[in-house]
Number of protein chains: 2
Amino acid sequence: MKRITIKDLAKHLLLSTSTISRALGNDTNIHPDTKKKVLDAAKKLGYRPNPTALNLKYGQSKNIGFVVPEMITPFASKVLRGVQNILYPLGYRIIITESDENPLIERKNLLLLEEFNVDGIIINLCHETQNQDLYEQIMDRGTPLVFFDRIPAKSLAASKVMVNDNIKTSLMIEHLIDMGRTRIAHIMGPSTIRNSTERAMGYQRILTKHGIFDPDLVIKTEGTTFEDGRNAARQLLDKKLAFDGIFAFTDTLAIGAMNYLHEQHIKIPEKVAIASFSGTELATIVHPQLTSVEQPLLQMGEIAAGLILEKIKDSTAPSKTIVMDAEIIYRASTGE
Amino acid sequence: MKRITIKDLAKHLLLSTSTISRALGNDTNIHPDTKKKVLDAAKKLGYRPNPTALNLKYGQSKNIGFVVPEMITPFASKVLRGVQNILYPLGYRIIITESDENPLIERKNLLLLEEFNVDGIIINLCHETQNQDLYEQIMDRGTPLVFFDRIPAKSLAASKVMVNDNIKTSLMIEHLIDMGRTRIAHIMGPSTIRNSTERAMGYQRILTKHGIFDPDLVIKTEGTTFEDGRNAARQLLDKKLAFDGIFAFTDTLAIGAMNYLHEQHIKIPEKVAIASFSGTELATIVHPQLTSVEQPLLQMGEIAAGLILEKIKDSTAPSKTIVMDAEIIYRASTGE
DNA sequence: AACCCATCTGGGAACGTTACCAAAATTTTG
DNA sequence: CAAAATTTTGGTAACGTTCCCAGATGGGTT
């Protein structure tokens, strides 16, 4: 049951550990016959290298931390897939932590990951400013950070991947206007998240341009859960203001709102068109399907992984900010 | 930038590494003054123990593998949370792999995890029999396995956590009958998954008992995606058979079917009641909300983690099979 | 004053692997 | 055929930590 090591092979073949090591690796300084003998024995005895020993030797844990607000919706899962695509083939492990949208838990998680000796951390933060000090500390202590989707308020010496929230929102609002909507509400996310304010700005800019901006139609939420979306819809209806469209910060908020409208027998899209920011399956499993800005989540993950690798390889590598393109997908929730 | 080690502390304080080690641990053989001095210096210089060194020393990687068909729906995410709750405080890392419902990828993932030297693997398999040989091999080589939700055909010397599919399905079908439904269809999952056949058996048993079983109302799917559910609903409608209820193998299938019915303007639950097996948010974000058997996913994860710990601590510990209770939650999709 | 015991500290091996340097074995060269 | 060059192998330190054993120091007892 005990694991076979190089030493066991050495004893078994009456060779030195150095020779075994050479045979197992790509060293040319070894007689082909010896190499073959070693390889055969290794296979027969079921030798598997011990990664822990290598990690110790080379001072890398080959662990990458992945810090996200939650993994219940598919958002982070899809990014994670991209990260895995790149990192697993290179022998990295990925450790996932969820912050529950709570900066204190995020803090605890980051510290835990440092404890775990990760080589780098890929993070979607849950509060624009709250843990800024810790991000800096961690980087100062030598662990690179890469941000995706939500980025910190201060620029920090870290690489980042995101989409252009402001512009994509603008295009989406233009679409709603094209569809004949003139009273477009916004379910805005928490202002502690940069994307939230960015999208709100895009929203306001376009409506103002068309002279139809009404601040009373903006509902700010506490979080980004389905329940938050529901509450926002309720608040909106309670205001007794006319509206014929909703642009929501996330697909979760949009879906929550949609369900509340359903329950109030408000037809979508006939009475109210709904659109949001997404990139996940959620947009297509509701009825009607949700028009949304589809972020290329998988690619974002792949790029984030690439960025962290750059920093791991060379800690002085310059930080990059990658702004990805997102596609607007028109679905039934905003009419045909 | 370089990490502070025990040796650095020793040099700095002119003490031996042994003494430092004792001061840092709970060893009583140390002078309180020395201990304090070391602790102060450790804090000041930012010493953090290197877990890799300990893993090497004690022959444990402190990594646990988590193998699931997918992480896009919240099912596995919720179980994962439970696993994390138990394992993170104990210093374990969790490595996640997704099989995409493909036994070949699952195989690759398991091998990868072995390569990574995990101390144990928690798995929700994707094919009842296909990788049985590998499960056995891995356990033979000394890595314990714990199955959750979907368990292998042969019993194997592994612990398992699941719910009683057959009985819970029976109760659900009884509920549908209580609600006055007499033509209840079943969207059955792939027969390569044990739970699928178990639930189908529960379905058939109750309908047979009531004398209303019709094999033509059973649609077997290829997978468990939303799309599969959609296709199943289409097939059902194409048969031109009357039906007033659907019991689906999973919430994803149920939702896919629901959306297709919506598109065909078939009212839920008025014309067709829908129920499924779940335990995730998905059941509540659709409209109408889905009546379902709610599996205690979080607890299943916690228990799976506990079971793997037992096996890690003592490889001869007896294997347990834990059958958990699941609650049926009545929601709008089956009427009030 | 000699001894013993308790308390505290230091030295070194070990976990599995590789990299460097030195030594041995083999082949090539003059 | 000896010397030189090359190929192949062995020995050992190192990564960071703990643990066992051996010393050292100090206080108390005869």
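These numbers come from the heavy atoms of this one structure, side chains and all, not from hydrogens, waters or symmetry mates. Letters A, B, ... are given to chains in the order of the sequence lines, protein chains preceding strands, and every chain is numbered from 1. Source: prediction; values computed, not measured.
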Open item on the list: Please classify the nucleic acid contact of A:Thr5 as base, sugar-phosphate, or nothing, using heavy-atom distances under 4.0 Å.
Closed with: sugar-phosphate
TODO: Report the end-to-end axis angle of the helix from C:dA1-D:dT30 to C:dG30-D:dC1; each axis comes from five terminal pairs, and the value is rounded to 10°.
DONE: 70°
TODO: Would you mind reading off the distance between B:Leu56 atom CG and D:dC19 atom C1', rounded to a whole angstrom?
DONE: 15 Å
TODO: Would you sort out whether A:Ser18 and A:Ser21 count as a side-chain hydrogen bond (donor to acceptor under 3.5 Å, both in side chains), showing the intermediate values?
DONE: CA-CA 5 Å; A:Ser18 326; A:Ser21 174; over 6 Å; no
TODO: For A:Ser155 and A:Lys160, test the side chains for any donor-to-acceptor distance below 3.5 angstrom and give the result as yes or no.
DONE: no
Open item on the list: For B:Phe147, run the side-chain contact (heavy atoms from CB on, under 4.5 Å) check against B:Thr321, B:Leu307, B:Leu156 and tell me which one passes.
Closed with: B:Leu156
TODO: For B:Gln60, check side chain to side chain contact (heavy atoms under 4.5 Å, CB included) against everything at least two apart and list the hits.
DONE: B:Lys62, B:Tyr92, B:Asp119, B:Ile312
Could you list all N or O pairs between the protein and nucleotides 10-12 of chain D that sit under 3.5 Å apart?
unit_1: D:dG10; atom_1: OP2; unit_2: A:Ser16; atom_2: N; d: 2.9
unit_1: D:dG10; atom_1: OP2; unit_2: A:Ser16; atom_2: OG; d: 3.2
unit_1: D:dG10; atom_1: OP2; unit_2: A:Thr19; atom_2: OG1; d: 2.7
unit_1: D:dG10; atom_1: N7; unit_2: A:Arg22; atom_2: NH2; d: 3.0
unit_1: D:dG10; atom_1: O6; unit_2: A:Arg22; atom_2: NH1; d: 3.3
unit_1: D:dG11; atom_1: N7; unit_2: A:Ser18; atom_2: OG; d: 2.9
unit_1: D:dG11; atom_1: O6; unit_2: A:Ser18; atom_2: OG; d: 2.7

TODO: Starting at atom CG of B:Asn50, determine the distance to atom C1' of D:dA14, rounded to an integer number of angstrom.
DONE: 14 Å
Open item on the list: Please determine whether a side-chain nitrogen or oxygen atom of B:Lys7 lies at a distance below 4.0 Å from atom OP1 or OP2 of D:dC15.
Closed with: yes
TODO: List in chain and number order the residues that pass salt bridge (Lys or Arg N to Asp or Glu O under 4.0 Å) with A:Lys313, two or more places apart in sequence or in another chain; answer none if no residue qualifies.
DONE: none
Task: B:Arg150 and B:Glu128 ion-paired at < 4.0 Å - done: no
Task: Value in whole Å for how far the C1' atom of D:dA13 lies from OH of A:Tyr58 - done: 14 Å
TODO: Would you check if A:Asp133 and A:Arg107 make a side-chain contact, meaning some heavy-atom pair closer than 4.5 Å?
DONE: yes
Task: Gap between atoms CD and P, on B:Gln60 and D:dT17 respectively (whole Å) - done: 18 Å
Open item on the list: Show every ring pair (Phe, Tyr, Trp, His ring centres under 6.0 Å) that has at least one partner inside residues 47-69 of chain A, sequence neighbours left out.
Closed with: A:Phe66-A:Phe148
Task: NZ/NE/NH1/NH2 to OD/OE distance under 4.0 Å, A:Asp40 and A:Lys44 - done: no
- [ ] Please list, in 5' to 3' order, the outermost nucleotides of DNA chain C lying under 4.0 Å from any heavy atom of chain A.
- [x] C:dC15 to C:dC20
Open item on the list: I'd like to know if A:Glu302 and A:Arg81 make a salt bridge, using a cut-off of under 4.0 Å between side-chain N and carboxylate O.
Closed with: no
- [ ] Let me know the distance between NZ of B:Lys57 and P of D:dC19, rounded to the nearest Å.
- [x] 7 Å
- [ ] Find the distance B:Asn55:CG to D:dT18:P and express it as a whole number of Å.
- [x] 12 Å
Task: Separation of D:dC20 P from B:Asn29 CG (nearest whole Å) - done: 11 Å
Open item on the list: Expressed as a whole number of angstroms, how long is the span from B:Leu54:CG to D:dG16:P?
Closed with: 12 Å
Open item on the list: Please classify the nucleic acid contact of B:Thr52 as base, sugar-phosphate, or nothing, using heavy-atom distances under 4.0 Å.
Closed with: nothing
Open item on the list: Between B:Ile6 and B:Leu24, is the side-chain contact (heavy atoms from CB on, under 4.5 Å) condition met? List the steps.
Closed with: CA-CA 9 Å; B:Ile6 274 194; B:Leu24 262 19; 4.1 Å; yes
